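Since we're looking at a predicted model, the values are computed, not measured.
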Amino acid sequence: MPSAAARPDVVVRPARTGDVRAVRRLVEEYARQRILLGKELITLYEAVQEFVVAEADGRVVGCGALHVLWEDLAEVRTLAVDPVVRGTGAGHLILSALLRKADDLGVTRLFCLTFEKAFFERHGFTEIEGTPVEPDVYAEMLRSHDEGVAEFLDLARVKPNTLGNSRMLRIAGGAS
């Protein structure tokens, strides 16, 4: 796990509907830079239960989501921190909360798309090629309309992937 000292005033908690507009502001900043995909406000409200937020001084300064893809597989999505707190450990706190949430759900494999390879490597993720699921699971996942699932499956319609980021996977215990 990372050794970065987190800000003592940053608290990570489950997101609430009242946090959605702040989450959208964070996402929009990174979407403008083509680091994250933009999200519609309705999409964020529909997924609020998947999110955790980092809060400092009563203000949302970071967010991240865990989206279940299959019985043992989930995606870390929309991990973003306010540039003001970058490098303070807030991102590590968010990802650690999502890893605990995955453990609580019984998810043993976590997928992400990222430009921040070193950050995710410090949490046990490794870059992957192809799709690490059995053929029957692949066939079931093809039925999903979720773009994240399409990215995970490495479907031709998302090649090259929308942003050109790395596909990474973490298997429980940090080995991949």
Side-chain angles (χ1 to χ4, degrees), residues 1-69 73-105 107 110-125 127 145-152 158 160-170:
M1 276 297 171
S3 60
R7 289 173 48 133
D9 59 333
V10 173
V11 175
V12 176
R13 60 168 176 76
R16 299 186 288 257
T17 57
D19 300 321
V20 168
R21 291 183 189 276
V23 167
R24 185 170 191 211
R25 282 190 293 277
L26 288 168
V27 171
E28 284 178 338
E29 176 61 29
Y30 287 102
R32 276 193 289 280
Q33 299 172 46
R34 296 196 35 80
I35 294 171
L36 288 177
L37 292 175
K39 303 270 187 188
E40 296 294 334
L41 196 56
I42 184 64
T43 302
L44 292 171
Y45 277 114
E46 289 172 340
V48 71
Q49 70 279 1
E50 297 180 355
F51 277 84
V52 296
V53 295
E55 191 175 61
D57 302 321
R59 189 173 73 85
V60 172
V61 295
C63 64
L66 183 72
H67 182 77
V68 174
L69 301 174
L73 178 67
E75 180 183 5
V76 173
R77 293 183 170 180
T78 321
L79 182 54
V81 295
D82 188 313
V84 173
V85 299
R86 274 194 76 147
T88 66
H92 291 288
L93 289 173
I94 293 166
L95 184 53
S96 293
L98 295 174
L99 295 176
R100 285 190 302 276
K101 191 173 183 177
D103 286 345
D104 290 347
L105 290 171
V107 171
L110 290 172
F111 170 73
C112 73
L113 292 166
T114 185
F115 288 107
E116 301 293 337
K117 284 175 50 175
F119 172 82
F120 281 93
E121 285 170 347
R122 287 191 297 272
H123 286 275
F125 286 78
E127 195 164 3
H145 298 287
D146 186 283
E147 284 302 304
V149 173
E151 289 279 8
F152 174 76
V158 293
N161 75 42
T162 310
L163 300 173
N165 43 16
S166 296
R167 303 170 76 246
M168 300 186 81
L169 186 70
R170 178 185 189 269

Listed once per pair and sorted, the salt bridge (charged side-chain N to carboxylate O under 4.0 Å, His left out) pairs that draw on [range], sequence neighbours left out:
range	answer
residues 38-47	none
residues 80-91	Arg59-Asp82, Arg86-Glu116
residues 94-104	none

If you look at every heavy atom in [X] and [Y], which pair is closest and at what distance?
X	Y	answer
Gly91	Leu79	O-CD1, 4.4 Å
Arg170	Gly124	CG-O, 3.6 Å
Ala80	Leu36	CB-CD1, 3.9 Å
Val85	Ala90	CG2-CB, 4.2 Å
Met168	Phe120	SD-CB, 3.9 Å
Leu73	Phe111	CD1-CB, 4.4 Å

Which of Thr114, Val76, Leu169 passes side chain to side chain contact (heavy atoms under 4.5 Å, CB included) with Phe125? It is Val76
Residues in side chain to side chain contact (heavy atoms under 4.5 Å, CB included) with Val48, at least two apart?
-> Ala15, Thr17, Val20
Considering only heavy atoms from C-beta outward, does the side chain of His92 approach that of His123 to under 4.5 Å?
-> yes
With side chains defined as the heavy atoms from C-beta onward, is the minimum distance between Phe119 and Leu95 less than 4.5 Å?
-> yes
Just jot down the ring pair (Phe, Tyr, Trp, His ring centres under 6.0 Å) partners of Tyr30, sequence neighbours excluded, or say none.
-> none
Determine all donor-acceptor pairs shorter than 3.5 Å in which one atom belongs to a side chain in residues 61-69; sequence neighbours excluded.
unit_1, atom_1, unit_2, atom_2, d
His67, ND1, Glu50, OE1, 3.2
His67, ND1, Glu50, OE2, 2.7

Reported CZ-to-CG distance for the pair Phe51 and Leu98, which is rounded to 0.5 angstrom = 9.5 Å
Taking only residues at least two apart or on different chains, which pairs with a member in residues 20-29 satisfy side-chain hydrogen bond (donor to acceptor under 3.5 Å, both in side chains)?
-> Arg24-Glu28, Glu29-Arg32, Glu29-Gln33
